[in-house]
Every structure is written in C-alpha cells, then in structure tokens.
Amino acid sequence: MLSFWAQVRVIAYRDFKAIVGQPVFLLFLLAPLFMVAMGLLGGSGSRDFAEKAGQSARIAVLTNAEMARYFKAADGQLRALHFGPSTPPRLVTIPTHGASDARIARAMMTVPGSSYEAVLFGPMERPKILAASKPLARYLTQVAEQAAQARSAGLRPGQGLVQADVEISDKSAGTARTRQAMGYGAVVLIFLLTLLIAAQSISTFVEEKSNKIIEILASAASLEAIFLGKLVGMFGVAMLFIGFWGLLLTGGVQLVLAQLGATLPALNLAMTMPSFATLVLLYFTMSFFLFGAAFLGIGAQAPSARDIQLLSLPISVFQVAMFGLASSAASQPDSRLALFAQIFPFSSPMAMAARAASDGALWPHLVAILWQLLWVVVIVRLSARLFRHGVLNANPGLFRFFRRKTA
Amino acid sequence: MHGHAEDIAVWADTITKSFGAAQAVRGVSLAVPKGMIYGVLGPNGAGKTTTLRMLLGIIDPDSGSRQLLGHSRPRDVANRCGYLPEERGLYPTMKAREAIAFMGALRGLSWAEGRKRAGEMMEAAGLGHAVDKKIRHLSKGMAQLVQLLGSIVHQPDLIVLDEPFSGLDPVNQDHLEALVRAEAARGATILFSTHVMSHAERLCARIAIIAGGLRRFEGTVAEARGILPMQAQYVPSTRGDEVARLLPAEARFDGQSWRFTLADEAAEPLLLNLIRGGFGVSGLSLQRPGLHDAFVRIVQDAKAADAQEAPPC
C-alpha cells in the first residue's frame, strides 16, 4: 500500500499542476494587480471629482483691504492643518460695501448655482457668518479670530505670536503602538490571504464529484489522504502566490529605498523581524489549513455547485467574524477577549500572529501551533468521516436538514 | 469456498449493505480463484456495483466479511488492484498520458514510469495519436479505454471492472476484450460485472448471478446453461400425429418439426423409442439454451421467490 504521505503527495501534485497549468491561473496570480489598478482608478476618479468640487466651492470674507491681507495669512496657516476631504474650500476676500454687506452676503449664499458655501461680514469684534455647514462656520470663526489677534497685536500679516524652534524626532520605533500596529497588520495580512485562497477549497471537490473521479480516488487512497492532499495542493498554489508577490513587493520596496537613499525604520518588535515573519507565515499556514479543511469538508458534502455558491456567503461572514475577533484581540493584547481569540481554533492563528508582535516568548507560539495542528487533524478526519458516511454511502449527510421532504 | 484460501483472490462471506431503508445487498458470498476471469452478472439494481464497492473497500459492508488478495482491509492491497468504476471518471483537462500516469501514481507507480507505460499502452491499443490530447477532446469510447489503461498501468494482480463494456461500440468492445484477455494471460485475476450475457459467455471461466441483493447462482457458464433442459427439434420420417405419444407431453408440432425440451439423460432412450416405433429420424437437433436464457430463468425464479417471501401489502 502506498503510504499515507505518498498518497497526499500524489493528490497534491495533481491538484497543484491542474490549477497552475490553467491559463486562468494567471488571472488569479495577477488579481492583486487588478485590485490595485481598480483602486487607483477609482481613487483618481474620486480625487478628480473632489478637486473639481473643491475648486468651484468657495468661502468668502467681506472686509477692507488691510484686513483682507490678515485673513489671507490666517487662512494659509490654518489650512495647512487640514488634509484631504476636511480641507476647507478656497477663501476669497471681497471689498466691503458697509451697510449693504448683509444683503450681498445673503445673495451670495442663496442665488441658485452659487459656489459660495460660507460668507463672513460685519465688524471684526462681532462678525456675522452665513454657512452651509457648522464645520465651515467654525473654520471661518478660527480664521477671523487669528486675523483679528494678529492685527491687534500689531504683527505683520502672516507673522505669528509664537516663534517655535521645532525638532522632529522618530518616536515610532519600539513603541507599544508600533507593535500593536504590526500585530494588526499581521492579522489583516493573514485574513486577506486566507479569504483569497483558503475559501476556494470549498469548491475543489466539485470536479471529483461531478466527474465521478472520487470512486477512483476512494478505491486507491484513504479519504483523509485525499482531503489533505487537496489542501496541500491548494497550499502550494498559495505559496506560489505569496512567493510571487512577496518577492515583487520586497524588490519594489528595496528599489524605492535605494532610489531615495533611505533604509527601513527599525521597528523594534518583541522579537527579531525574521522570527516575526516566520511566525506570521506559520500562522498563515495554520489559518489556511484550518479554514481550508473546514470549507473543503463542507463543500464536499454539498450536493451541487449551486449549494456551494450559496454557502460562500455564510462562509465569508464566518471568516470576517473571526477577523473581527482577532482584530479586537490585537487592539487589547492583555484582555480576556484576546485570550479567547488566541484559544478559539479559527481565530487563533490571526490572534497569535498579533501577539507575536508584542510578546517575545516563543513557547506560547509552539503550544498554539500544536493546538491548531490538532484541530486541523480533527477537522480533516471529521470531514472524511462525514464524506464517507454521507456521500459515498449515499446518505443524506449534513444537507439533509435543508432538503425539502418529498412524498 | 472454492479451493484453498491462498488460491483465492477475492472472497466475500454473506456481505450485506443497506442505504437507508433500501437493502441493496442482502448477503452475497463469493470466492474468485486467482488468475481467473470471473463475471458478476445481474439485472439492473441487483447489487452488483455495491458488492464490488464493498469488496474494494470504497464502502464498508454492514455485516459479513471480505478479503482481497488475502487481506481483510482492501486498501492494504490497493497497489495490487485496478478498478474501473461503472460511472467513468477522468479529469477532463488532463492529457490522456497524464491521466493514466496519475492513476498509476495513486497505486504506487512513479509518475515517470507511469508516463512511459502510458505511451506504450496507448500505442498498443491504437490510441497513439491521442497520447497528448486532453480527455475532454476524446470520444467516449477512447476515454473509456484510457481509463481502463489507467486501471491496469501498474500491472495489478486483481482487476475489478464494473460494466466495462457499457457504452462502447463493437470495435472498442473488441479492443477491451483483447485487453482483458491479455491481462488474464499475464496472470491477473479479473472480476467484472455485466448484464450483457455474450461478454460473460465469451470471457468468464466462472460466474455469479446476483439478483435482488442475493447471489442466486455460482459456477461455470456451462453449469449455468445446464440448469435449463435442452431444446429438441425433431422431424420424423413418417407423417401423422401418432409420434406424439412417444414425445414429452409439452411437445408441439409447428408444421414441419416437433419442438420440446429434453433432459440430458432422456435423449438416447427417446431416439431408440422413435426408431423402434418406426417413426424414423429425418432430422434431430438438440440445443443447449444460452446463458441469456439461463440468466432470465434464474432472475425470474429469484423474483418469484422474493415475492413469496415478501409480506402481503
């Protein structure tokens, strides 16, 4: 008899070759590129739209020429504190017309098609602001206050009351916040990769079932070897995907840094970067096999491709729920929730990867990996048993609860 | 059991299998001697496929025991077995050579050796032009032959073929028959199921007939045919109905000859009586009924027996 692992190898090799050998695999491999391209396209479109909208929108101040300079200077200083969509519309100053300012301001705000979103007028001690929103009114108030203070202090427009001597130091390295951020990054990375790749294992049995190849496989190899072989085959695809993008991104980052003459900032994690990266890779492996085994088992029970399609949504929801649990654990490393997430098998790989960023001890990781491995074995065995009982023996199996009873 | 245990390739002792409320196999016993071509015959739904699947360990029997090549766990000898299931299964995007090599690899053959043998076997089977064609581009008959080659590429000691001839045209049936004979000549034991009697008649040294989940007959084809009396067709030298008194009661005259059934041992005495009676023998043919007729009789008897056993509705 062929050994268990030899059977796994044969099944895995066939599956790996079958997936990688298809032209459509290129689409799968380059999918992130499409995602980035679509993101850039969408981002540039929305930026264009925002810029155009921002260019046409304006806020105005009705004041004299002297105050207008103070207003312009104050606007310049305060505007620098705003980014992106929170940046206020362009400020314009309009010469005052004394008593008529109130009427003019109202007209500017109410005329159909007007591009003015806020107008300030009246005496500097008690100006009047007409605005389309509270944030814009607050912004004009701040500009007016800074302009009035500068003028009453006898400063030139643009000259500040305080001349601070600023020195920038890199406080990001080694802080708890950085470690938390790295942990969260690991959670996101594992989640995304698992979502992209492991979820596909749900449909890997469709071909075997629809083409009746399962009879050949089941007569030659144990079902556990078949299940594990299919998972290993998919994992090979995952490694190819990760290797391709990992090399590309690493090379890209190094190229950019070399061009800029810079180096990566020291992150001062709880362990060395190679150890952290190795653990993240190991936890991705465990996450892949845990989710993959469960999805494969469920997919193998599904009577038709349509059932598999219907299962995709609840499965994605479950994955997102596990991601949510692990994310919460990453943000509260010492909480009971974090402990629960580290123990619960499906969230454990992500939660433990987050822990690796902030906790240098290696033994909890060893225990966690063994624990997760145990669950992989349990799920594969359970899936194989259910498949043997339900599908090969033509019993209703898991899906019997969802089938309408016929007379 | 037929012969010594070490001479038996496949052995089953009253194996049963139910799927829900339906009892597919109610107690089948088999003993297939090594090196023999053995047929499992039965009408549709008789339990042939379920029996073969149990023998191969794809499913386990509910009760009873089985041994394959001397092992009670069929998967322990998976490398020494080849299997062609009733519902053919190949990966459509695989090339024919790879498909055969894959099936060999599943049974312990290296991929490289599998590819090499696949090329040679396809060439020998007249499929040399299709070696690098994808399965989905092959005709049904070609794909079926490819699958058969896949099930024997590792040169197994036991080959189990479930309805191997179904769906094949006569040319491919001949190819398949030749392959089966070649494997038997190599020394392999071949167990195949069919409901087409002509194949069993031509190929099998022994047969088992399964009907209603039970084995109803086991023996040689000649023994199966022997359960029915011979069909006699007699043309007397003289005209007249007087000869009827010497013939069996059910004898009927069709205008030219008398037709009746005759037990083996009754032929000679009848002939003597006809000659002594002065009726002469202008023509006499004694024909043994074919396996087809024997099969039909066995299955009909089985149905009648089952109907008697079944509780009234």
Side-chain angles (χ1 to χ4, degrees), chain A residues 1-25 204-226 228-230 233 384-397 400 403 405-406, chain B residues 17-20 22 24 49-50 52-62 68-69 71 73-95 98-99 101-111 114 134-136 143 147 150-151 154 156 160 162:
Chain A
M1 181 194 175
L2 207 58
S3 78
F4 177 82
W5 292 108
Q7 291 171 353
V8 169
R9 203 168 54 236
V10 170
I11 306 274
Y13 175 67
R14 205 252 20 132
D15 271 31
F16 177 80
K17 264 188 76 176
I19 297 170
V20 173
Q22 289 179 57
V24 77
F25 174 72
T204 52
F205 247 111
V206 173
E207 193 174 22
E208 276 78 4
K209 281 173 71 180
S210 61
N211 290 324
K212 309 292 178 194
I213 300 160
I214 190 64
E215 286 282 307
I216 307 261
L217 301 183
S219 69
S222 75
L223 283 176
E224 284 81 358
I226 297 169
L228 196 58
K230 298 199 82 60
R385 185 164 291 195
L386 283 172
F387 188 78
R388 186 178 291 115
H389 174 76
V391 181
L392 289 182
N393 279 312
N395 283 318
R400 66 184 179 276
R403 290 272 165 258
K405 286 194 174 170
T406 50
Chain B
K17 185 73 189 175
S18 296
F19 298 117
T49 297
T50 305
L52 296 186
R53 291 174 89 216
M54 281 192 285
L55 291 175
L56 286 161
I58 296 171
I59 53 174
D60 288 326
D62 295 336
L68 221 58
L69 300 170
H71 290 254
R73 285 180 8 136
R75 203 158 290 116
D76 288 349
V77 286
N79 285 7
R80 295 170 59 199
C81 300
Y83 174 48
L84 180 77
E86 181 184 15
E87 294 186 273
R88 311 289 182 251
L90 290 166
Y91 290 104
T93 54
M94 247 181 161
K95 288 179 180 171
E98 287 294 301
F102 170 62
M103 285 191 272
L106 275 175
R107 308 268 183 186
L109 195 67
S110 75
W111 282 89
K134 288 189 174 172
I135 297 294
R136 66 172 170 218
Q147 186 160 1
S151 63
H154 57 297
V160 179
D162 194 359

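Proteins get letters first, then strands, A, B, ... in listed order; numbering begins at 1 in each. FYI, side chains are in, hydrogens and waters are out, and symmetry mates aren't considered; it's all heavy atoms of this structure.
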Asks: Pick whichever of B:Ala24, B:Gly150, B:Pro85, B:Cys81 has the most heavy-atom pairs under 4.5 Å with chain A.
Replies: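 It is B:Pro85.
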Asks: Which region of B:Leu90, side chain (C-beta onward) or backbone (N, CA, C, O), has a non-hydrogen atom less than 4.5 Å from a non-hydrogen atom of chain A, or is it both or neither?
Replies: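 Only the backbone of B:Leu90 comes within 4.5 Å of chain A.
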Asks: For B:Gln147, which atoms come within 4.5 Å of any heavy atom of chain A: side chain, backbone, both, or neither?
Replies: side chain
Asks: Can you tell which part of A:Ala18 gets under 4.5 Å to a heavy atom of chain B, answering side chain, backbone, both or neither?
Replies: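 Contact with chain B is absent: no heavy atom of A:Ala18 under 4.5 Å.
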Asks: What part of B:Arg53 lies closer than 4.5 angstrom to a heavy atom of chain A: side chain, backbone, both or neither?
Replies: side chain
Asks: If you apply the rule ring pair (Phe, Tyr, Trp, His ring centres under 6.0 Å), what do you find for A:Tyr13 with B:Phe102, and how did you get there?
Replies: CA-CA 10 Å; A:Tyr13 175 67; B:Phe102 170 62; 9.3 Å; no
Asks: Could you pull out all residues at least two apart from B:Lys134 that satisfy side-chain hydrogen bond (donor to acceptor under 3.5 Å, both in side chains)?
Replies: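 Partners of B:Lys134 by the side-chain hydrogen bond (donor to acceptor under 3.5 Å, both in side chains) criterion come out as none, since no residue qualifies.
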Asks: Taking all non-hydrogen atoms of both residues, which atom of B:Arg107 and which atom of A:Ser219 are closest, and how far apart?
Replies: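 Residues B:Arg107 and A:Ser219, closest heavy atoms: NH2-OG, 2.8 Å.
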Asks: Not counting sequence neighbours, list each pair that qualifies as a salt bridge (charged side-chain N to carboxylate O under 4.0 Å, His left out) and has a residue in residues 15-24 of chain A.
Replies: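 Passing the test, one end in residues 15-24 of chain A: A:Asp15-A:Lys230, A:Lys17-B:Glu98.
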Asks: Please report the closest heavy-atom contact between A:Ile11 and A:Ala225, naming both atoms and the distance.
Replies: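 So the minimum-distance heavy-atom pair works out to CG1-O, 4.4 Å.
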